[in-house]
Peer 1: 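I am attaching a structure below and will ask some questions about it afterwards.
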Amino acid sequence: MPPAVDAAAFAAYVDVLRPYFELVGVEPPAQPATYLPDPAEQIQAAIDAEPAVLSFVFGVPAASVIEEARRNGIVVVGTATTVEEAVALDAGGVDAIVATGLEAGGHRVSFLRAPEDSLVGTMALVPQVVDAVSVPVIAAGGISDGRGVAAALTLGADAVQIGSAFLATQQSAASPVHREALRGPDAGHTVLTRAFSGRLARGVPNRVTSELTDPRAHAPFPVQNWLTGKFRAAATAAGMPELMSLWAGQSSPLIREDDARGLMDTLVASVDEVFGRLGS
Ligand SMILES: Cc1cc2nc3c(=O)[nH]c(=O)nc-3n(C[C@H](O)[C@H](O)[C@H](O)COP(=O)(O)O)c2cc1C
């Protein structure tokens, strides 16, 4: 459902962002009729594509969606930022749960409390979720090398989900500027910001995250995401990291590999090495 942003409010949000549009030489857009494709249509398109796994964030998928995915042989994964969200996902019937700690790059996908009140670290979250649910748990957030994978498995996770480290590889769809930022000097100082999308997300700090800190300046999601998307696209094309959303997790400074296969091989060898060392 589109949020209630009338023409006057839309114009006020555009005014806040006007300097960024000027910097990239793009005219601020007019208010659109819709900001996002219909979620039901997106889910149907995903099911029709017959993926092995369908992974949800920001809530518990409807029972009818889970049933249809199952009928099509698709594993349904939900994502929790707190134990209570994990319990709700378990009760909702998902096949596995991603437990994502506050270290993670990208959006905080909380759905029972405000994301600011759902900031649990991976180390604390994973074992609590493992104890609270009946389905496999996938640890996410701040895992970028074999030591992190071994730690998550030791905490009881059945698998891990790694974002930032794969984002930095040449096979990812991230822009070269974004990949460079993941290895840059500010990657160790990531911040949580609502400036780009209206929703809380972790990334490398830049001009936009440091200037747009007043919550009154942020349009609600998806309006803010749609609006900033217009100058972010131009900034990405022009190689202007100060105006891009440089999503990154807290363990980005551990990133070494720039090839996805090489990263996978290194992770496997390193986990074996860690467990071998601990077992000896
Ligand atoms: C740029 C970016 C985009 C992401 N998009 C999604 C997404 O669409 N759906 C999702 O479930 N997780 C998404 N994530 C989260 C990752 O799947 C993963 O849980 C997270 O990056 C783990 O933390 P790490 O970055 O510290 O490895 C995204 C992460 C990043 C950095």
Side-chain angles (χ1 to χ4, degrees), residues 1-39 42 57-58 81 102 104-111 114-119 163-164 167 172-182 184-250 252:
M1 194 169 59
V5 173
D6 62 24
F10 184 86
Y13 291 127
V14 167
D15 268 344
V16 172
L17 302 175
R18 195 173 296 282
Y20 307 125
F21 283 105
E22 282 170 6
L23 278 168
V24 296
V26 169
E27 224 15 72
Q31 192 169 15
T34 55
Y35 295 91
L36 278 177
D38 178 43
Q42 292 185 65
V57 289
F58 291 113
T81 63
L102 65 84
H107 283 86
R108 302 300 305 144
V109 292
S110 309
F111 59 92
E116 288 84 351
D117 300 329
S118 309
L119 295 173
S164 301
L167 202 63
S172 99
S175 68
V177 174
H178 190 167
R179 296 209 304 269
E180 208 173 293
L182 285 160
D186 291 333
H189 305 283
T190 58
V191 293
L192 287 166
T193 179
R194 286 180 181 267
F196 288 110
S197 67
R199 284 183 168 167
L200 199 67
R202 181 177 295 286
V204 176
N206 62 7
R207 177 171 175 168
V208 175
T209 65
S210 63
E211 288 180 351
L212 288 189
T213 52
D214 185 345
R216 287 168 303 180
H218 307 151
F221 180 90
V223 180
Q224 186 77 354
N225 195 50
W226 186 88
L227 273 174
T228 68
K230 304 294 174 197
F231 70 73
R232 282 186 284 144
T236 303
M240 299 168 72
E242 287 306 307
L243 305 185
M244 293 164 56
S245 49
L246 304 167
W247 303 137
Q250 286 186 328
S252 300

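It should be emphasised that the depicted structure is a prediction, and the values quoted were computed from it without experimental measurement.
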Peer 1: Residues in salt bridge (charged side-chain N to carboxylate O under 4.0 Å, His left out) with Glu211, at least two apart?
Peer 2: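 Glu211: salt bridge (charged side-chain N to carboxylate O under 4.0 Å, His left out) contacts with Arg207.
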Peer 1: Ignoring hydrogens and geometry, is there a side-chain-to-backbone donor-acceptor pair from Asn206 to Glu242 under 3.5 Å?
Peer 2: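 Yes; judged by distance alone, with no hydrogens or angles, the pair exists.
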Peer 1: Mind jotting down which residue pairs meet the salt bridge (Lys or Arg N to Asp or Glu O under 4.0 Å) criterion with at least one end in residues 7-16? Sequence neighbours excluded, please.
Peer 2: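 Found Asp15-Arg18.
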Peer 1: Roughly how far apart are Leu182 CG and Leu246 CG, rounded to 0.5 Å?
Peer 2: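 That separation rounds to 8.0 Å.
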Peer 1: Quick check: does any side chain N or O of Arg179 sit under 3.5 Å from a backbone N or O of Ala174, one acting as donor and the other as acceptor?
Peer 2: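 Checking the backbone N and O of Ala174 against the side chain of Arg179, a donor-acceptor pair under 3.5 Å is found.
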Peer 1: Under the salt bridge (charged side-chain N to carboxylate O under 4.0 Å, His left out) rule, collect the residues that match up with Glu22, sequence neighbours excluded.
Peer 2: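 Testing Glu22 for salt bridge (charged side-chain N to carboxylate O under 4.0 Å, His left out), a comparison that skips the adjacent residues, returns none.
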Peer 1: Below 4.5 Å, heavy atoms only, C-beta onward: do Pro241 and Val177 meet side chain to side chain?
Peer 2: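 Contact flag for Pro241/Val177 side chains = yes.
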Peer 1: Test your reading of the model: is there a side-chain donor-acceptor pair from Ser164 to the backbone of Ser252, 3.5 Å cut-off?
Peer 2: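 Answer holds: no.
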Peer 1: Quick one: CG on Leu119 to CZ on Arg202, what's the gap to the nearest 0.5 Å?
Peer 2: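 With rounding to 0.5 Å, CG (Leu119) is 8.0 Å from CZ (Arg202).
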Peer 1: Which heavy-atom pair separates Ala195 from Thr228 by the least distance, and what is that distance?
Peer 2: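 That would be O-CG2, 3.8 Å.
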Peer 1: Nearest heavy-atom pair of Val26 and Ala234: which atoms, and what distance?
Peer 2: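 Answer, listing the atom of Val26 first, then Ala234: CG2-CB, 3.7 Å.
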Peer 1: CG/Leu102 to OG1/Thr81 distance, rounded to the nearest 0.5 angstrom?
Peer 2: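 Answer for the CG-OG1 pair, Leu102 versus Thr81, is 10.0 Å.
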Peer 1: Measure the CZ-OG distance between Arg199 and Ser110 for me, rounded to the nearest 0.5 Å.
Peer 2: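 Result: 10.5 Å between the selected atoms.
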Peer 1: Looking only at heavy atoms, what is the nearest atom pair of Leu200 and Arg194, with distance?
Peer 2: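 Heavy atoms only, the tightest pair is N-CG, 3.7 Å.
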Peer 1: Would you compute the distance between atom CG of Leu227 and atom OH of Tyr35 and round it to the nearest 0.5 angstrom?
Peer 2: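 Going from the CG atom of Leu227 to the OH atom of Tyr35 covers 6.5 Å.
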Peer 1: How are the rings of Phe21 and Phe231 set to each other: parallel, tilted or perpendicular (split at 30° and 60°)?
Peer 2: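 Plane angle over 60°, so perpendicular.
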Peer 1: How close do Val14 and Pro29 get, heavy atom to heavy atom, and via which atoms?
Peer 2: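 Here Val14 and Pro29 meet closest at CG2-O, 4.5 Å.
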Peer 1: Side chain to side chain contact (heavy atoms under 4.5 Å, CB included) between Gln224 and Leu17: does it pass, once the steps are laid out?
Peer 2: CA-CA 10 Å; Gln224 186 77 354; Leu17 302 175; 4.1 Å; yes
Peer 1: Donor-acceptor pair, distance only, cut-off 3.5 Å: does the side chain of Asp186 make one with the backbone of Val204?
Peer 2: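 Judged by distance alone, no pair lies under 3.5 Å.
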Peer 1: Side chain to side chain contact (heavy atoms under 4.5 Å, CB included) for Leu212 and Phe196? Distances and angles first, verdict last.
Peer 2: CA-CA 9 Å; Leu212 288 189; Phe196 288 110; over 6 Å; no
Peer 1: How long is the straight-line distance from CH2 of Trp226 back to OH of Tyr13, given to the nearest 0.5 Å?
Peer 2: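 Here the rounded value is 15.0 Å.
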Peer 1: Provide the closest heavy-atom pair for Thr209 versus Thr213 in the form atom of the first, atom of the second, distance.
Peer 2: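 Heavy atoms only, the tightest pair is O-CG2, 3.4 Å.
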Peer 1: Do Ser245 and Arg232 have side-chain N/O donor and acceptor atoms under 3.5 Å apart?
Peer 2: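 Result is yes, a qualifying pair exists.
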Peer 1: What's the shortest heavy-atom distance between Gln31 and Val5, and which atoms?
Peer 2: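 Here Gln31 and Val5 meet closest at NE2-O, 2.9 Å.
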Peer 1: Can you establish whether the number of heavy atoms outside Glu180 located under 6.0 Å from its atom CD is more than 12?
Peer 2: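 Result for CD/Glu180: open.
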Peer 1: Decide if the gap between the ring center of His107 and the ring center of Trp247 is smaller than 6.0 angstrom.
Peer 2: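 For His107 and Trp247, the ring centres are under 6.0 Å apart.
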